[in-house]
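Structure first, then comments.
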Amino acid sequence: MDPIITPPCQLSPARRPPSVFTISLCSGFRFIMSWLVRNRIGDTLLRLKPPASIALSSALIENLSTASERLPESLDESSQSEEIWNVIVGRVGDRVSEDEVFHRLSNDEVCNSVNLSDGLVHKLLHRFRDDWRSALGVLKWAESCKGHKHSNESFDMAVDILGKAKKWDRMKEFVEMMRRDKLVTLNTIAKIMRRFAGAGEWEEAVKIFDSLGGFGLEKNTESMNLLLDTLCKEKRVEQARAVLLELKSHITPNAHTFNIFIHGWCKANRVEEALWTIQEMKGHGFRPCVISYTTIIRCYCQHSDFIKVYEILSEMEANGSPPNSITYTTIMSSLNAQKEFEESLRVATRMKRSGCEPDTLFYNCLIHTLARAGRLQEAERVFRVEMPELGVCINTSTYNSMIAMYCHHDEEEKAVELLREMESSKLCDPDVHTYHSLLRSCFKRGDVVEVGRLLKEMVTRHHLSLDESTYTFLIQRFCRANMCEWAYSLFEEMISQDITPRHRTCLLLLEEVKKKHMNESAERIEHIMKTVKLSAPVK
DNA sequence: CTAGGGTTAG
């Protein structure tokens, strides 16, 4: 019945088939691919609407990973709660009205036998964060379930989802209902403000602040800072300044206030004003802190003005607001972006000498640096010895850095070994980045079968959904490998999930598809390019 | 309500 959910599979290294592109050219593969294209897997998927996490077509994966084996039962972690999740998400369907969602859920036996926890409601709202109709329908249904009382966070999430969709009237209506029930907190206000400002409606954000009293909330330093921070993060530092001047006589700024402005000026690329704010801060009797200086350092880093960076660093070390792990990590990341790995390592040494306590993000950066500097053994030592000894926890990114390092240096077995270690240690789960590195190295070796196997395990075992960058990457690589049928089916799938492709991706695919005289596909791509607003590459 | 990752090539 449900062709999407297939048991995960794994291949023992001994059974690995010959890794060559020629496999893709077997007539069987050709046949399957043309079938996939004919049947528009994307559209089929849209109708089936599985949870987003398992959206990649099972047919595609199944056929990509022909040489796979079944996993032992113990590794199949499909639990009861997961089944319930699948039922609910399946019942919600696809972008029907709020009331329709409510009715579907209310009339479903399984759904009504569920013991709703706050956690499940949160997960559901998160799942439908881009689909406000379904989100509100789910919320309404949850409310009607006996014994369930919404947490504040659930309400706030709903407000945030409506704001994200720019459904301002619905949002205001919803907030009004919350106001009547005295459910509006500063957290709710934060969501409203950030959504307004994010959509360029910063005047509305200011208005909400003005009306705080009506929600039973106070206009104080805390709520003012929230407004100022919102404006600054949206590059409206001038407006923030105007607001501060107006409020100054009623509300006193604190150290946070000044740091918010330092950040705001830096974001607007106006270091002079940021430095001037440091003086102003002193004038108000606040000592600039690590955060103040680190913000400025980051700004100089972005300008590659390392002379100034080291100047401030020395100043900090001398004048009693010593740099911390964040300060050093900021500098190192910036040097890494410039490929100055050796210099970056000197910063790490300087940090250790200063006695500053390293944290996870620092080590992640250090491992990345060592990897890029080609010092694999040192990276291994940091990962295996130094971090555990100092009790610094290892997270997904730490593993990702190590895995990326092995992949980059063609040590595929070690990379996969670490992936398995992640799975068994249960300390952290792999994410899309983990698979990104692994997939890249498969393409590099020309092992498309392994690509299929990894994709399958990614969606079935770890419930990861392909994001924009993964789709873009896969399409690009399949095109380059002269396998644009696969690229095209992924493209269709991407569209069906409302993920907008980049202009460049469309162009590349179009060119490849034309080369192969896939006229229907070419037309469809051209049509999509005309109708969909294409996103520009991220920087 | 104040500061920090990762992909990108032959």
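As the structure is a computational prediction, the values presented were derived from the model and not from experiment. Numbered from 1 within each chain, the chains take letters A, B, ... in sequence-line order. We use all heavy atoms of the structure for the numbers below, so side chains are in, but hydrogens, waters and symmetry mates are not.
The main-chain N or O of Asn336(A) is never found under 3.5 Å from a side-chain atom of Thr369(A) such that the two would form a donor-acceptor pair. Between the side chain of Arg440(A) and the backbone N or O of Ser437(A) there is no donor-acceptor pair closer than 3.5 Å. In this structure, the side chain of Asn400(A) does not engage the main chain of Ile403(A) through any donor-acceptor pair within 3.5 Å.
Within 4.0 Å of His433(A), counting heavy atoms only, lies at least one base atom of the nucleic acid. As judged by a 4.0 angstrom heavy-atom cut-off over every strand, Leu226(A) is placed among residues touching the sugar-phosphate backbone only. Residue contacts for Asn324(A): at a heavy-atom cut-off of 4.0 Å it reaches a base atom on one of the strands shown. Using a 4.0 Å heavy-atom criterion, one finds that Ser397(A) contacts the bases of the nucleic acid, with or without backbone contacts as well. Nucleic acid contact class of Asp467(A) (heavy atoms, under 4.0 Å, all strands): none. Among the atoms of the strands shown, base atoms are found under 4.0 Å from some heavy atom of Phe362(A).
With distances taken from any side-chain atom of Asn400(A) to the nucleotides dC1(B), dA3(B), dG6(B), the minimum falls on dG6(B). Side chain of His408(A), nearest nucleotide from dT8(B), dT2(B), dG6(B): dT8(B). Side-chain atoms of Ile326(A) lie closest to dG4(B) of the nucleotides dA9(B), dG4(B), dG5(B). With dC1(B), dA9(B), dG5(B) as the choices, the nucleotide that has an atom nearest any side-chain atom of Arg480(A) turns out to be dA9(B).
Using a cutoff of 4.0 Å between basic side-chain nitrogens and carboxylate oxygens, Glu201(A) and Lys166(A) are not scored as salt-bridged.
Shown here are the side-chain contact (heavy atoms from CB on, under 4.5 Å) partners of Lys219(A), two or more places apart in sequence or in another chain: Phe209(A), Asp210(A), Leu212(A), Ile251(A). Asn324(A) is linked by a side-chain contact (heavy atoms from CB on, under 4.5 Å) to Val290(A), Ile326(A), Thr327(A), counting only residues two or more places apart in sequence or in another chain. Shown here are the ring pair (Phe, Tyr, Trp, His ring centres under 6.0 Å) partners of Phe383(A), two or more places apart in sequence or in another chain: Tyr399(A).
Across the protein-nucleic acid pair, Tyr300(A) atom OH and dA3(B) atom C1' stand 16 Å apart, rounded to whole Å. In this structure, CE of Met332(A) is placed 11 Å from C1' of dG5(B), rounded to the nearest angstrom. Taking atom CZ of Phe258(A) as the reference point, atom C1' of dA3(B) lies 17 Å away to the nearest angstrom. dT7(B) atom C1' lies 13 Å from atom CG of Leu438(A), rounded to whole Å. Atoms NE2 (His436(A)) and P (dG6(B)) sit 14 Å apart, rounded to a whole Å. Rounded to whole Å, atom C1' of dC1(B) lies 9 Å from atom CG of Leu228(A). To the nearest angstrom, P of dG6(B) lies 17 Å from CD1 of Ile403(A). Atom pair Leu439(A):CG and dG6(B):C1' shows a separation of 15 Å (rounding to whole Å applied).
Between Phe478(A) and Phe443(A), the gap from one ring centroid to the other is short of 6.0 Å.
Sorted by first and then second residue, the side-chain hydrogen bond (donor to acceptor under 3.5 Å, both in side chains) pairs with a member in residues 261-271 of chain A read Glu238(A)-Arg270(A), Trp265(A)-Thr277(A), Asn269(A)-His303(A), Arg270(A)-Glu273(A); sequence neighbours excluded.
In textbook terms, a nucleotide whose glycosidic angle is within 90° of 0 is syn, and dG5(B) is one such case.
For the OP1/OP2 pair of dT8(B) and a distance below 4.0 Å, the side-chain nitrogens and oxygens of Arg440(A) include at least one atom meeting the criterion. At least one side-chain nitrogen or oxygen of Arg298(A) sits closer than 4.0 Å to the OP1 or OP2 atom of dG4(B).
The base of dG6(B) lies outside donor-acceptor range of the side chain of Ser401(A), with no N or O pair under 3.5 Å. Side chain Thr329(A) to base dG4(B): a donor-acceptor pair is found below 3.5 Å. In the interface, the side chain of Asp359(A) is paired with the base of dG4(B) through a donor and an acceptor atom under 3.5 Å apart.
The OG atom of Ser401(A) sits 5.0 Å away from atom CG of Asn364(A), with the distance rounded to the nearest 0.5 Å.
Near-neighbour residues of DNA chain B inside residues 229-249 of chain A, defined by a heavy atom below 4.0 Å, number-ordered: Asp229(A), Lys233(A). Of the residues in residues 185-213 of chain A, Arg194(A) come within less than 4.0 Å of DNA chain B through at least one heavy atom, sorted by number.
Using a 4.5 Å heavy-atom threshold, the side chains of Cys442(A) and Leu454(A) count as touching.
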